[in-house]
Structure formats: structure tokens, C-alpha cells
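The chains referred to below are lettered A, B, ... by the order of the sequence lines, with proteins before strands, and numbering in each begins at 1. No experiment lies behind these values; they were computed from the predicted model shown. Atom set for the values below is all heavy atoms of this structure, side chains included, hydrogens, waters and symmetry mates excluded.
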There are 2 protein chains.
Amino acid sequence: MTSSIPVGLLGALDPTSDRAVFRQIADQLREAIDKGRFKEGEKLPSEADLVEHYGVSRMTVRNSFSILQGEGLVHSEHGRGVFVRPRPPVRRLASDRFSRRHREQGKSAFIVEADAAGSKPEVDSLEVKEERASHDMSARLGSVRRVLARRRRYLLDGRPVEFATSYLPLDLARNTPIAQPNPGPGGIYARLEELGHHLDHFDEEIRARMPSPAEVKTLRLAAGVPVIHLIRTAYDTEGRAVEVCDTVMAADAYVLSYQLPAT
Amino acid sequence: MTSSIPVGLLGALDPTSDRAVFRQIADQLREAIDKGRFKEGEKLPSEADLVEHYGVSRMTVRNSFSILQGEGLVHSEHGRGVFVRPRPPVRRLASDRFSRRHREQGKSAFIVEADAAGSKPEVDSLEVKEERASHDMSARLGSVRRVLARRRRYLLDGRPVEFATSYLPLDLARNTPIAQPNPGPGGIYARLEELGHHLDHFDEEIRARMPSPAEVKTLRLAAGVPVIHLIRTAYDTEGRAVEVCDTVMAADAYVLSYQLPAT
DNA sequence: CAGTGGTCTAGACCACTGC
DNA sequence: CAGTGGTCTAGACCACTGT
């Protein structure tokens with residue numbers, strides 16, 4: 001059987017090059033993807049095809065794929081093939097997403113926004129429980145010992161995109177609607193204000209890193225997809241930290257956007 | 001020769017487990033690192049050690065290392081060994097970093113801040129040239145055809161941490177100090193204001209992803225380190241976009257921080 | 001020099017997919 | 001069933017590091 005790779009899509013190796021063979025193959029595949037010769041979702045030549053085309057061993061080809069996988073360019077499906085990873089639709093988080101006017105609706109911001117974007121939103125694995133505050137959380141909340149933790153996972157069209165935990169000082173949240181699985185319209189920020197904790201501002205800290213194995217599982221992350229780790233602290237008008245929300249997001253599903261005054 | 005791996009640091013494989021051998025080895029190494037049994041910067045057992053300890057082939061061990069490398073937990077040095085990747089000091093970018101008071105100093109914000117943090121700052125590969133605007137840049141700057149591009153790379157203690165390009169409409173920047181390699185105290189934002197473009201606000205868009213091969217080279221990134229891609233647009237009081245700054249940062253070197261009003 | 005990781009081969013058997 | 005990727009072996013030779 002002759003090679004099933006169309007001529008011109010992939011070139012030949014340069015035996016005089018210092019560059020390792022598997023890197024050269026990865027380079028050629030990457031270039032072909034970048035130039036659109038293999039499109040999103042399209043299947044790449046099989047390992048056997050490439051073994052034949054380049055005259056190398058299978059491990060060499062697999063090494064090339066593993067580079068591209070680490071770059072987040074392709075993903076493999078057992079028994080099916082290796083595919084160009086499609087760019088999923090991204091969720092844009094604007095810096096006014098917690099403004100009061102957004103809280104005046106019955107549904108949560110996540111649901112409203114996803115509906116508007118034509119995606120099917122879901123929230124699952126809701127857990128609300130009292131815990132000992134971690135060292136870091138205690139520092140952020142002002143030497144609090146015990147906290148109410150609200151954990152939930154967000155999905156769009158069946159795909160998990162975000163996992164978030166809110167921590168609130170226990171003395172503030174216990175025996176309030178905040179301790180209910182569903183805190184009601186406007187979410188916990190609306191409830192906090194009703195309880196007299198008028199929100200003044202939020203601090204957000206943003207990091208990016210590769211996910212832990214647990215995060216890979218929870219967010220069903222493909223290889224080569226980092227996470228955005230966002231830690232938001234909400235302060236009331238008296239300067240007290242009333243909530244810390246720790247959020248891990250699939251980086252390929254988000255664009256964060258902020259507006260800064262130029263004063 | 002008996003194994004050089006201290007007993008207790010690493011366990012045995014579970015032959016009844018469905019989990020692939022190389023994943024089990026990676027799990028054990030990861031756990032040992034997480035628990036501090038191997039500390040930052042410390043050398044892991046050599047491939048040969050692990051081959052002997054687990055009774056597997058070398059490729060199996062290398063597969064384990066490659067998992068940990070993808071997670072950003074370890075890095076290898078040819079001829080020396082595989083090491084636990086140290087967490088480098090991070091640069092904190094606050095959302096008030098462009099406030100006018102920060103512009104009143106003679107040095108750039110980067111230099112001032114790094115000095116304060118006790119790091120040695122450098123700026124290199126400065127390039128200033130006129131270019132055709134990319135499609136995206138043209139849209140951001142309001143249908144501009146040609147731009148002035150200012151490219152530079154930032155280093156801390158010899159390590160590249162950030163690569164940034166500023167784009168300005170050519171009609172605005174040509175024949176001004178902004179087109180000089182060194183635009184003077186306060187940087188180009190101070191010059192823009194002197195030219196009558198009073199800054200009103202900035203928009204920042206944040207993404208995280210794995211780096212391209214070019215970015216790996218420019219930022220000398222280790223395996224398993226994502227980049228933060230920040231696109232900032234500066235608007236003057238007339239609502240005109242006067243600059244777009246496209247920045248790629250080594251994610252392990254940064255924490256971004258924003259303050260949002262709760263209005 | 002010995003010890004380390006980097007690259008590569010040529011197989012083997014397995015598990016999953018889709019016809 | 002054939003075709004695909006997933007795992008694993010047992011070698012080989014090379015390039016780099018440090019003594």
C-alpha cells in the first residue's frame with residue numbers, strides 16, 4: 001500500500017540537520033496545522049502512515065505526537081487517531097461581572113450569560129460544608145478559624161469549564177441563606193448585602209499553571225491545557241474580607257477582561 | 001551495587017492495578033515531591049536507579065519523567081540529572097501599575113519595582129519599527145493601516161520573564177519621542193499625555209496557554225510552563241484607542257492582581 | 001573517565017473503535 | 001475484523017557533565 005499522506009502536506013527529513021528527527025517531524029506537523037493544511041478536528045496521518053512516510057520507528061513518531069500534545073495542538077483518541085484540537089468557544093469574563101445590576105436577576109450570572117451565548121449551562125457537585133480554614137485562607141479572611149465552604153463545578157454544553165470554592169467566615173454565614181445549597185436570586189453576594197455586609201470592592205489574583213492530576217480529572221482537561229487559577233476576595237465597606245472565592249478554570253475556555261482607570 | 005534510593009522514599013508497583021506502570025511510577029514520584037521528600041532543586045533518582053528499583057525498562061521510567069515534566073514539576077539537565085523544579089520568585093502586577101503617580105519617576109516601572117524587590121532588572125532586544133497592522137491589531141486600534149511597533153524583552157536576574165510589543169497608530173507616534181528607542185521618563189504613556197492624548201482607561205484581556213516554540217526560545221521556558229497572554233488597549237479621553245500592548249509572560253514568574261469596585 | 005540524560009530501533013502484546 | 005493508539009521491552013549509540 002502506498003502512503004496515504006498527500007504529497008506536499010509533509011516534506012522530507014533533513015539528515016544533515018542537528019535537529020532530532022522526532023523534532024523535525026513535529027515541526028512539519030505543526031507547520032501543516034498552523035497553515036491550515038490539517039484543519040481543526042481533522043485526523044492527522046496515523047502513526048503507521050508516518051512510520052512509512054519518514055522511514056523511522058514508531059517510537060520516533062510517537063515522540064513527535066507527544067511534543068504536539070504538550071503544546072496543546074493535538075489530542076489522541078484510543079483506537080481512532082490523532083486529531084487537531086479544536087479551539088473551543090471561550091467564555092469572556094468582564095470586570096463588571098459582579099456589578100449590582102447583574103445581581104438583580106433571578107438566575108445566576110453564569111446561567112444568564114451562557115443562555116445568552118447559546119450554550120447549555122449546568123452547575124453540579126454542589127457541596128456546602130463547614131471546614132477548618134487553611135493557613136492561606138485564614139490569612140485572607142483575617143485570622144478566621146472555621147469557614148463555610150461552598151463548592152461547585154460549572155459546565156457548558158456538558159463540558160466542565162470551571163471549579164470554584166467560596167469560603168466565608170463561619171460567624172458570618174452560619175444559619176443564613178448563604179449556608180443553603182441554593183442561596184437564592186443574585187447569589188451569595190446579594191445575600192451578604194441583605195445581611196448588612198455592603199460590598200465595597202473585590203481583589204482578584206490570577207495565576208496560570210499546569211493542572212494537577214485531580215484538576216485534569218475534574219475538568220476533563222486535554223493534554224497541554226493549562227489552568228487559570230483565580231482567587232477573589234470580597235471586602236465590605238468596613239474593610240472586612242467577607243468571602244474568598246478560589247476558582248480553577250480550563251484555560252482554553254476563558255478570556256478574562258478587566259477595565260482599569262488611568263488615574 | 002544496591003539501589004541508591006533510600007527505602008521509604010518510593011514504594012513498590014501494584015501489579016494488580018489497571019494503572020499503567022509508568023503512571024504508577026509518576027504517581028509515586030509526584031507524591032514524594034508533594035510531601036517534600038524530594039525538595040525544590042533536589043535531584044531525583046537517576047533513570048538507571050529507577051530501572052533497577054522498579055525492575056522496568058528505561059523507556060518506562062522516561063515516560064514517567066515525561067509526565068512530571070508536562071506537569072511542570074521537574075526538569076531535566078542533560079548529563080546531570082532530573083531535578084525538582086524550584087518555584088521561582090513571582091512578580092506581582094497590581095492593577096494600579098499604570099496610575100499617573102507611578103509615571104512621575106525617572107525610571108520605568110519595571111526597573112523601579114524590580115530594584116525594590118531586590119532583583120536585577122534588564123530590558124533587551126529593543127526594536128522600534130513601522131509595520132503594517134495585523135488584522136486583529138487594526139480592529140483594536142480602529143481601522144489603522146500602519147503602526148509603530150515597539151518590541152522589548154524583560155529579564156529579572158538574567159532570566160527572561162516577559163516579551164512585550166506595543167503598537168501605536170503611526171499618525172500618532174511618528175516623529176515623536178515615542179518613536180525613539182528610549183522614550184524618556186514615565187515611558188510612552190507619559191509621552192502620549194504630553195502629546196495631548198489624555199489617557200482615560202485601559203482594557204486588559206488575559207488568556208493562558210502553552211507557549212509556541214518561538215516563545216519557549218525567547219523566554220527560555222522549561223517544559224510544563226504555560227504563558228499568560230495579556231493584551232492591553234489604552235484609550236484616551238476621546239474614546240480613541242491610542243496603544244495596544246501585546247505581552248507574553250512566563251506564567252511561573254507572575255501573579256496578576258486586580259481591584260474591582262463592587263458597584 | 002564514569003554517570004547522566006537524549007535519541008532511536010525493532011520488535012511485542014494489548015485495548016479501543018468502527019465497519 | 002482491520003486499523004488505531006497505549007504500553008512495554010532490551011537493546012544501541014550519542015552528547016553532555018563533573019571528577
Inset, instruction - Quick one: the dot-bracket string of DNA chain D, using Watson-Crick and G-U wobble pairs with both distances under 3.5 Å, [ ] for crossing pairs and | for bases paired to another strand. - result: ||||||||||||||||||.
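- The aromatic rings of B:Y258 and A:Y258 lie parallel to each other, their planes meeting at an angle below 30°, with 60° marking the opposite boundary.
- Spacing between atom CG of B:N63 and atom P of D:dG5 amounts to 16 Å, rounded to whole angstrom units.
- For A:E40, the side-chain contact (heavy atoms from CB on, under 4.5 Å) test picks out A:P86, A:R87, with sequence neighbours left out.
- By the side chain to side chain donor-acceptor pair (under 3.5 Å) test, A:Y167 is found to be paired with no residue, residues two or more places apart in sequence or in another chain being considered.
- Scored by the side-chain contact (heavy atoms from CB on, under 4.5 Å) test, B:S76 finds B:Q69, B:V82 as partners (sequence neighbours excluded).
- Between A:L256 and A:L230, the closest side-chain pair of non-hydrogen atoms falls below 4.5 Å.
- Shortest non-hydrogen contact noted between B:R140 and B:E205 is NH2-OE1, 3.3 Å.
- Residues satisfying the side-chain contact (heavy atoms from CB on, under 4.5 Å) criterion with A:D34, sequence neighbours excluded, are A:R30.
- Under the rule for a side-chain contact (heavy atoms from CB on, under 4.5 Å), the partners of A:D157 that lie at least two apart in sequence or sit in another chain are A:S119, A:K120.
- The shortest distance between side-chain heavy atoms of A:I231 and A:D203 does not fall below 4.5 Å.
- For the side chain to side chain donor-acceptor pair (under 3.5 Å) test, residues two or more places apart in sequence or in another chain that qualify with A:D246 are A:H229.
- Side-chain nitrogen and oxygen atoms of A:T60 include none within less than 4.0 Å of the OP1 or OP2 phosphate oxygen of C:dC8.
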Inset, instruction - Indicate for each nucleotide in nucleotides 10-19 of chain C, in 5' to 3' sequence, whether protein heavy atoms under 4.0 Å reach the base (B), only the sugar-phosphate (S), or nothing (-). - result: B-B--BBSS-
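- Residues from residues 12-27 of chain A with heavy atoms under 4.0 angstrom of DNA chain C, sorted by number: A:A20, A:V21, A:F22, A:R23.
- Applying the side chain to side chain donor-acceptor pair (under 3.5 Å) test to residues at least two apart or on different chains, none of the pairs has a partner in residues 216-228 of chain A.
- Put simply, CZ on B:R62 is 15 Å from P on D:dT9, counting in whole angstrom units.
- Of the residues in residues 210-223 of chain B, none has a non-hydrogen atom less than 4.0 angstrom from any atom of DNA chain C.
- Within the model, atoms CD1 of A:I33 and CG of A:L68 stand 5.5 Å from one another, a figure rounded to the nearest 0.5 Å.
- Under the salt bridge (charged side-chain N to carboxylate O under 4.0 Å, His left out) criterion, B:K39 pairs with no residue, sequence neighbours left out.
- In this structure, A:E47 atom CD and D:dA2 atom P are separated by 19 Å, rounded to whole Å.
- For B:S76, the listed nucleotide lying nearest its side chain is C:dG6; candidates were C:dG6, D:dC8, C:dT4.
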